[in-house]
Amino acid sequence: MRNLRLLGLSTVVLTCATALVTQACEDDDVGASAAFDAGTLGTFEAGAPRDGASPVTADAAREPADSGPIEDAGKPDVEPNDGSAPVELLRLFDRPRSLAVDGTYVYVATAEGIFRMNKDGTNAARVTLAENVDRLARDGARLVFTTADGLRMVPTNAVDGGGETALQTNVSGLLPVKVSGTAISFGVYSGAAGTEIRTIQDDGSGLRVAASPVRPYDFAVIGSTIYATGPGSLNQDILMFPGDGGPGVKRATGTGNVSDYVAKDGYVYWSTRGGTVMRIPAASGPAETIATGEGPVAGIAVDDAHVYWVRYEQFQNVGVVRRAPKAGGATPVTLASGQLSAFAVAVDDTHVYWASFVADAGVLRVPK
């Protein structure tokens, strides 16, 4: 495992760069190792950026691999801007894959484990010893996450794996994970016909299949009910699976190729690789369209007023961070543009956070 040195940061204008690394984005057809072919997903014309929303990044560097601790040179020396330009908080090692935030920290899942840092990018610490982390979910003072071979849980204040617990081991194909009370649900790729969502209690008991067959690139949970994408790769259905493990019931049809889910305030929201952002009331009611023509979306988040998403294009700095009212009915607003391989998104009370899915990538934020 390599180590990270934070330097004083100064902002510079992000220029177009060619990624010289091989990257991958989970694909529903073959699992987590397939390349995300943006060329097959059409084009997208982003709206005009907000005032001064040209991307801003920061110079950062890391030390060669050794066994020393993560070092922090103090609060980044971020130059003032007009409040709308993205600022890079920290350059992490290898392809940030998932983000979470709480009142104090940003948590980042990468190929080299989970890192925690202050929201200004300072005081970075490695949380896990486990590497190859795919997805993480924060639930109170704990993080639940999937790795290349299992399901684990760790306290949010852990350093280098302190208190890390294995809930499932020697299980491959795990990707999404969600927490609801004491129940932890996770998706398992086991072949096109056998893909399923499993649920386990946080003490390691009660493992069962909760939803099958599905295509769990992602899913949503409200209480004990699971909302997931049905089989097939085009014009997919959104299915609702009851907590007792019964068969799925169609809640929306012909939605396209679904990528990401989030649940909040009695609604389930999702995005598609064809560029739509939609929602349904959890219990009953028709699907509602929030946005269309958004290109290949790779991350969705919701706060009290808005839905946020990012557009992902591998090897290209054309990614955008967008928002729209939760109920739709308004033109989406561009919060950031020109982002290289923008991927994953999280929000707090004041900012939107996202990652750049490349090697030596950054975590960025912009005011909401």
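Below, each value reflects all heavy atoms present in this structure, side chains not excepted, and no hydrogens, waters or symmetry copies.
Between T156 and R116, every side-chain heavy-atom pair lies at or beyond the 4.5 Å cut-off. Using a 4.5 Å heavy-atom cutoff, the side chains of I222 and V268 are in contact. Taking 4.5 Å as the limit, some side-chain heavy atom of H351 sits within range of a side-chain heavy atom of P367. Proximity of Y269 to K326: side-chain heavy atoms (C-beta onward) are separated by under 4.5 Å at one or more points. For the pair V363/M117, a side-chain contact is recorded, criterion being any heavy-atom separation below 4.5 Å from C-beta on. Between P176 and Y261, every side-chain heavy-atom pair lies at or beyond the 4.5 Å cut-off. In this structure, D303 and Y308 have side chains that are in contact, with non-hydrogen atoms separated by less than 4.5 Å. Taking 4.5 Å as the limit, every side-chain heavy atom of Q236 sits out of range of all side-chain heavy atoms of T272.
Distance alone, capped at 3.5 Å, is enough to place a donor-acceptor pair between the S259 side chain and the S271 backbone. Under the 3.5 Å distance criterion, the side-chain polar atoms of R273 are left unmatched by any main-chain donor or acceptor of G275. In this structure, the side chain of Q339 engages the main chain of S337 through a donor-acceptor pair within 3.5 Å. Not one N or O on the side chain of T195 forms a donor-acceptor pair closer than 3.5 Å with the backbone of R215. Checking side-chain atoms of D218 against main-chain N and O of D260 turns up no donor-acceptor pair under 3.5 Å. Side chain of T128 to backbone of G113: no donor-acceptor contact under 3.5 angstrom is found. The backbone N or O of E112 sits less than 3.5 Å from a side-chain atom of T110, completing a donor-acceptor pair. Without hydrogens or angle criteria, D203 side chain to S205 main chain gives a donor-acceptor distance under 3.5 Å. No side-chain donor-acceptor contact under 3.5 Å links E294 to the backbone of V277.
Taking every heavy atom of both residues into account, S180 and G223 meet most closely at OG-O, 2.6 Å. Contact detail for V209 and S212: the closest heavy-atom pair is CG1-CB, 4.0 Å. In terms of heavy-atom proximity, W354 sits nearest to A344 at CB-O, 3.2 Å. Of all heavy-atom pairs between V347 and V101, the closest is O-CG2, 3.1 Å. Nearest heavy atom pair, residue A252 against residue A287, reads CB-CB, 4.2 Å. Shortest non-hydrogen contact noted between A111 and R97 is CB-NH2, 3.4 Å.
L364 and V345 fall within a single hydrophobic cluster, where Ile, Leu, Val, Met, Phe, Trp and Tyr are joined by side-chain heavy atoms under 4.5 Å apart, directly or via other members. Tracing side-chain contacts under 4.5 Å through hydrophobic residues (I, L, V, M, F, W, Y), one reaches V133 starting from L143; they form part of the same cluster. Following chains of ILVMFWY side-chain contacts shorter than 4.5 Å, one cannot reach V127 starting from V144, and the two form parts of different hydrophobic clusters. Neither I114 nor L129 shares a network with the other; the hydrophobic side chains, linked directly or stepwise wherever heavy atoms of I, L, V, M, F, W or Y lie under 4.5 Å apart, form separate groups for each. Cluster annotation: V297 is connected to I290 through the hydrophobic network of ILVMFWY side chains, with a link wherever side-chain heavy atoms come within less than 4.5 Å.
Using modelled atom types and a 3.5 Å distance limit, the side chains of D102 and T104 yield no donor-acceptor pair. Looking only at atom types and distance, the side chain of T199 has a donor-acceptor partner in the side chain of S185 under 3.5 Å away.
Under a cutoff of 6.0 Å and an axis angle of 45°, R198 and F241 do not form a cation-pi pair. A cation-pi arrangement is found for K178 relative to F219, the charged atom lying closer than 6.0 Å to the ring centre and inside a 45° cone about the ring normal.
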Practice task
For the pair I238 and M278, evaluate side chain to side chain contact (heavy atoms under 4.5 Å, CB included) and give the outcome as yes or no after the intermediate values.
Solution key: CA-CA 11 Å; I238 306 297; M278 303 182 71; over 6 Å; no
Practice task
Evaluate the criterion side chain to side chain contact (heavy atoms under 4.5 Å, CB included) for residue pair R142 and D202; output intermediate values, then yes/no.
Solution key: CA-CA 11 Å; R142 63 185 179 178; D202 57 10; 2.7 Å; yes
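Rounded to the nearest 0.5 Å, atoms CZ (F145) and CZ (R152) are 6.0 Å apart. Distance OG/S98 to CG/L136: 4.0 Å, rounded to 0.5 Å. Residue T350 holds its OG1 atom at 6.5 Å from CZ of R365, rounded to the nearest 0.5 Å. Between the NZ atom of K250 and the CG atom of D237 there is a distance of 4.0 Å, given to the nearest 0.5 Å. Here the CH2-CD1 distance, from W270 to I300, works out to 9.5 Å after rounding to the nearest 0.5 Å. Atom CG of L174 sits about 8.5 Å away from atom CG of D134, to the nearest 0.5 Å.
Using a 4.0 Å cut-off between charged side-chain N and carboxylate O, K264 and D304 make a salt bridge.
The aromatic rings of Y105 and Y107 lie perpendicular to each other, with more than 60° between the two planes, well past the 30° mark. Using a 30° and 60° split on the angle between ring planes, F343 and Y312 fall in the perpendicular class, above 60°.
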